[in-house]
Amino acid sequence: MAGAAIFDVDGTLTDTNHLHVVAWWEAFRQAGHAVPMPDIHRAVGLGSGDLIERLLGADRDPDQDSAISSAHKVLYGTYFDRLPAFEGAGELLRTLSGRGWRVVLATSASGPELAALRRAVDADEAIWDTASSDDVDEGKPAPEPVRLALELAGVGAGQGVFVGDTVWDMKAADRAGVRAVALLSGGIPRADLEAAGADAVFRDAADLLARLDESPFGSPAG
């Protein structure tokens, strides 16, 4: 039976984390909040509600949440026509698909944003399915997105490998019981990723592709 190759997108397949940071920073600024960019960077990968709560605290005015999230969406949307994929990202997905892995995207992106990210990666023929934020009640670090990806691929946790770039990705993989591969391309330190549960760490998508046989993807699925 085929295995599931589950991928985060932002910071993993596409070089977009810092675009998110800038968009969130401006969205917070417009709402009257001065939030340091390094703090925003470490929160990228969370769903919008969790990100806002982490950065502004549980005692914030929650009535602002919708406006802040909408402002981020509008600001980030200005980049949709030029989102950059990392070198080797599309080829990595095509190679895994060719080896028998069922490639599933597990991402907090949805709608036009997800469509723009998929255009950037340019490997739709290799993608088996997608688990987006619209499909789950809780996003990463909860295990639901990874569990849904396994369900979509029709495999159990023992046959899944999750690739991501944030501590939230690693925690979600650990809680779902799948092996976790971390990429440093999102800007999070190796030590943080390993502490969060990474089984293997690679520089970026191109490095993982070049060293695929040294990774948890080392043998054909099944």
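It should be emphasised that the depicted structure is a prediction, and the values quoted were computed from it without experimental measurement.
When the salt bridge (Lys or Arg N to Asp or Glu O under 4.0 Å) test is applied to D65, the partners found at least two apart in sequence or on another chain are R60. Listed by chain and residue number, R94 satisfy the salt bridge (Lys or Arg N to Asp or Glu O under 4.0 Å) test with E91 (two or more places apart in sequence, or in another chain). Residues that satisfy the salt bridge (Lys or Arg N to Asp or Glu O under 4.0 Å) test with D192, not counting sequence neighbours, are R42. A search for side chain to side chain contact (heavy atoms under 4.5 Å, CB included) contacts involving S70 returns S66, not counting sequence neighbours. Applying the side chain to side chain contact (heavy atoms under 4.5 Å, CB included) test to P38 and every residue at least two apart in sequence or in another chain returns P36. With sequence neighbours excluded, no residue satisfies side chain to side chain donor-acceptor pair (under 3.5 Å) with S97. With sequence neighbours excluded, the residues forming a side chain to side chain contact (heavy atoms under 4.5 Å, CB included) with A157 are L150, V178, listed by chain and number. Partners of E214 by side chain to side chain contact (heavy atoms under 4.5 Å, CB included), not counting sequence neighbours, listed by chain and number: R211. Partners of E26 according to the salt bridge (Lys or Arg N to Asp or Glu O under 4.0 Å) rule, which considers only residues two or more places apart in sequence or in another chain, are R29.
A pairwise comparison of heavy atoms in A23 and L75 identifies O-CD1, 3.4 Å as the closest pair. Residues S108 and G45 approach most closely at OG-O, 4.5 Å, considering heavy atoms. For A131 against A149, the heavy-atom pair with the smallest separation is CB-N, 4.3 Å. Between L209 and G88 the shortest heavy-atom distance is CD2-O, 4.1 Å.
Applying the 4.5 Å side-chain rule to ILVMFWY residues, one finds V21, W24, W25, F28, V35, M37, I40, L46, L51, I52, L55, L56, I68, V167, W168, M170, L184, I188, L193, V201 in the same cluster as V44.
Applying the ring-ring contact (aromatic ring centres under 6.0 Å, His included) rule to pairs touching residues 39-63 yields H18-H41, sequence neighbours excluded. For residues 169-188, the set of pairs meeting the side-chain hydrogen bond (donor to acceptor under 3.5 Å, both in side chains) definition, not counting sequence neighbours, comprises K140-D169, T166-D169.
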Do L183 and D8 pass the side chain to side chain contact (heavy atoms under 4.5 Å, CB included) test, and can you show the C-alpha distance, the side-chain angles, and the key distance before you say yes or no? CA-CA 10 Å; L183 302 185; D8 171 63; over 6 Å; no
Should D135 and L148 be marked as a side chain to side chain contact (heavy atoms under 4.5 Å, CB included) after you check the CA-CA gap, both sets of side-chain angles, and the distance that decides it? CA-CA 8 Å; D135 305 316; L148 175 58; 3.5 Å; yes
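Both V136 and W128 belong to a single network of hydrophobic side chains, linked directly or stepwise wherever heavy atoms of I, L, V, M, F, W or Y lie under 4.5 Å apart.
With rounding to the nearest 0.5 angstrom, the CG atom of L92 is 10.5 Å from the CZ atom of F202. A distance of 9.0 Å separates CH2 in W101 from CG in L212, rounded to the nearest 0.5 Å.
By the neighbour-count criterion of 12 heavy atoms within 6.0 Å, atom CG of D124 is densely surrounded, having more than that number from other residues, nucleotides or ligands.
Residues L96 and F7 are in side-chain contact: their nearest non-hydrogen atoms beyond the backbone lie under 4.5 Å apart.
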